[in-house]
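Every value quoted in this text rests on a predicted model; they were computed, and no experiment measured them. Reminder, nothing fancy here: chain letters follow the sequence lines and each chain counts from 1.
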Amino acid sequence: MTASISDALLDWYDRNARALPWRNPPGAPLPDDAAWPYRVWLSEVMLQQTTVAAVKPYFEAFTRRWPTVEDLAAAPEDDVMAAWAGLGYYSRARNLVKCARAVAARGGFPAEEAGLRELPGLGAYTSAAIAAIAFGRRAVVVDANVERVVARLFALRQPLPGARKPIREKAEAITPEMRAGDFAQAMMDLGSQVCTAKAPRCLLCPLSSDCEGREKGIAESLPIKPAKKAKPERRGTAFWIERINGPGREVWLVKRPGTGMLGGMRALPDDGWSARDDGSGAAPWGGNPEGMWAGVWEDLGAVRHTFTHAHLTLGLRRAEISGEPGGEGEWWPIERLEEAGLPTLYAKAARLALARES
DNA sequence: TAGTCGTGGTA
DNA sequence: TTACCAAGACT
């Protein structure tokens with residue numbers, strides 16, 4: 001019975017696999033290409049908590065700019081962070097560089113799940129996925145799609161996260177010896193296109209005749225998840241400091257601390273807002289906005305942004321100065337602001353500031 | 001274990 | 001508009 005589940009799923013995958021830039025066609029031998037594990041690894045890291053549609057342009061840009069893991073290992077971390085801007089979860093980008101350098105130093109990716117698991121940014125899911133997809137190893141690959149499909153297939157009513165252990169056991173039981181990589185990707189394709197979180201399309205499902213959840217009429221309600229906490233509302237202020245330099249204008253950018261929210265990313269200076277606290281309203285280099293440059297501030301309005309665990313209303317104030325703002329930072333030509341790699345929050349603020357200009 | 005950490009699409 | 005959520009890792 002368990003063997004027939006993987007057979008039915010692989011048959012479905014052979015006919016319905018999505019064509020993706022990082023994907024080997026179903027049933028095809030592993031590519032004999034030194035960059036193949038690199039491309040699998042890069043795609044898997046990018047796909048962590050991130051949709052296929054969002055990843056595609058970043059994957060194309062990264063592989064065009066850094067075709068091999070050695071190229072990425074040699075890149076300045078700042079360049080990689082800037083290239084990652086907009087994709088979110090920026091600790092992934094920091095770990096990406098660490099991992100690339102570790103892999104380049106050891107002469108390639110480990111082919112076994114245990115070796116992969118020791119690399120920065122590779123947890124249980126990603127190491128299993130790379131072992132199976134890039135190297136053809138039998139590995140039990142469990143992501144949110146697999147959790148959903150398995151919970152429904154076996155009518156597992158226990159709520160998450162407690163259900164993780166029985167889910168893993170069931171996933172282990174249906175993972176085939178051969179084509180484990182295709183099987184993993186088939187489970188994820190099924191979860192994203194057929195066995196979806198809302199309104200599963202059981203009529204199209206190759207496993208519907210095996211599905212206990214469907215039989216019992218509870219598939220759509222599974223897996224049971226804990227209620228989410230409400231996001232707090234936060235307020236903060238960012239500062240758009242501009243100067244004229246020759247023919248062009250420049251804006252003062254800072255770099256955020258390496259850890260925490262938007263860690264390591266370029267940003268506008270702000271008043272110290274965080275997911276836990278409102279900002280002070282004061283500029284970071286000392287004094288309140290009415291002090292040092294009394295009267296020079298122009299109120300540009302505010303942008304809204306939602307993070308994983310907070311809503312933020314970020315007010316924006318503008319000043320044009322001739323000296324230096326003080327503190328660490330750099331003047332950045334506004335003409336080339338796209339290249340600064342601002343995360344989306346500050347990209348929104350920049351659009352607001354520039355919409356008010358000229 | 002539970003909290004932290006982005007973003008954009010969708011209903 | 002709001003709430004959910006997507007190929008999770010780390011602490």
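- Rounding to whole angstrom units, CD of residue A:E44 and P of C:dA6 are separated by 16 Å.
- Side-chain proximity of A:T51 to B:dT4, C:dA9, C:dA6: nearest is C:dA6.
- Set against C:dC5, C:dA6, B:dC5, the side chain of A:K228 has C:dC5 as its closest nucleotide.
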Residue pair A:D79, A:R65: steps toward the salt bridge (charged side-chain N to carboxylate O under 4.0 Å, His left out) verdict: CA-CA 11 Å; A:D79 288 2; A:R65 184 169 177 182; 3.7 Å; yes
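- Set against B:dG6, C:dA9, B:dT7, the side chain of A:P343 has B:dT7 as its closest nucleotide.
- Comparing B:dG3, B:dT7, C:dC5 against the side chain of A:H305 picks out B:dT7 as the nearest.
- Across C:dC10, B:dT4, B:dT7, the shortest atom-to-atom separation from the side chain of A:N95 is found for C:dC10.
- Distance CG (A:L345) to P (B:dG8): 11 Å, rounded to an integer number of Å.
- In this structure, A:R94 reaches neither bases nor backbone, as no heavy-atom distance under 4.0 Å exists between it and the strands shown.
- At the heavy-atom level, A:L312 lies nowhere under 4.0 Å from the strands shown.
- Regarding A:M81, its CE atom lies at a distance of 9 Å from the P atom of B:dG6, rounded to whole Å.
- When each of A:V52 and A:R117 is assigned the nucleotide of DNA chain C bearing its nearest heavy atom, the one mapping closer to the 5' terminus is A:V52.
- Taking the centre and axis of the six-membered ring of A:W273, the NZ or CZ atom of A:R256 falls inside the cone set by 45° and 6.0 Å.
- A salt bridge does not link A:K255 with A:E330: every distance from a Lys NZ or Arg NE/NH1/NH2 to an Asp or Glu carboxylate oxygen is 4.0 Å or more.
- The NZ-P distance, from A:K98 to C:dA9, rounds to 15 Å in whole Å.
- Taking atom CG on A:L160 and atom C1' on B:dA2, their separation rounds to 14 Å, with Å as the unit.
- Connection of A:L300 to A:L312 is established within a shared hydrophobic cluster, with ILVMFWY side chains joined at heavy-atom distances below 4.5 Å, either directly or through further cluster members.
- Between A:P161 and A:G260, the one whose closest nucleotide on DNA chain B sits nearer the 5' end is A:P161.
- Looking at heavy-atom distances under 4.0 Å, A:A54 makes no contact with the nucleic acid at all.
- Ion pairing of A:R137 with A:E112 is present here, as a side-chain N (NZ or NE/NH1/NH2) and a carboxylate O approach within less than 4.0 Å.
- Rounded to an integer number of Å, the gap from NZ of A:K231 to C1' of B:dT4 is 12 Å.
- For A:A275, whose side chain is taken as the heavy atoms from C-beta onward, the closest listed nucleotide among B:dC5, B:dG6, C:dG8 is B:dC5.
- Counting to the nearest Å, the P atom of C:dG8 and the CZ atom of A:R168 are 13 Å from each other.
- Within the 4.0 angstrom heavy-atom criterion, base atoms lie near A:R18.
- Among the heavy atoms of the strands lying under 4.0 Å from A:L262 are primed sugar atoms or P, OP1, OP2 only; no base atom is included.
- At the heavy-atom level, A:A197 lies under 4.0 Å from the strands shown only through sugar-phosphate atoms.
- Minimum atom distance to the side chain of A:K229 is reached by B:dG3, of the listed B:dG6, B:dG3, C:dC4.
- For the pair A:Q193 CD and B:dT10 C1', the computed distance is 16 Å after rounding to whole Å.
- Of all nucleotides listed (B:dC5, C:dC4, C:dC10), C:dC4 comes nearest to the side chain of A:K198.
- For A:T344 against B:dG6, a side-chain-to-base donor-acceptor contact under 3.5 Å is absent.
- At a threshold of 4.0 angstrom between heavy atoms, the contacts of A:A53 with the nucleic acid are absent.
- In terms of phosphate contacts, A:H309 brings no side-chain nitrogen or oxygen within less than 4.0 Å of OP1 or OP2 of B:dT4.
- Between C:dC4 and B:dG3, the two P atoms lie 16 Å apart (nearest whole Å).
- The base of B:dG6 sits within donor-acceptor range of the side chain of A:T50, with an N or O pair under 3.5 Å.
- Residue contacts shown for A:G86 are limited to sugar-phosphate atoms, with no base heavy atom under 4.0 Å away.
- A:K348 comes within contact range of no nucleotide atom at all, as no heavy-atom separation falls under 4.0 Å.
- Distance from the side chain of A:Q49 is smallest for C:dG8 among the nucleotides B:dT4, B:dC5, C:dG8.
- Dashed line: the shortest gap from a side-chain N or O of A:Y90 to OP1 or OP2 of B:dT7 is under 4.0 Å.
- To the nearest whole angstrom, the two P atoms, one in B:dC5 and one in C:dT2, are 22 Å apart.
- In terms of phosphate contacts, A:R276 brings a side-chain nitrogen or oxygen within less than 4.0 Å of OP1 or OP2 of B:dT4.
- Using a 4.0 Å heavy-atom distance criterion, A:W22 is classed as a base contact.
- With hydrogens and angles disregarded, a donor-acceptor distance shorter than 3.5 Å links the side chain of A:R92 to the backbone of A:Q48.
- Aromatic ring pairs are classed by plane angle as parallel below 30°, tilted from 30° to 60° and perpendicular above 60°; the pair A:W41 and A:Y38 is tilted.
- Aromatic pair A:H305/A:F307: ring centres closer than 6.0 Å.
- Comparing B:dG6, C:dA9, C:dC10 by their closest approach to the side chain of A:T126 singles out C:dA9.
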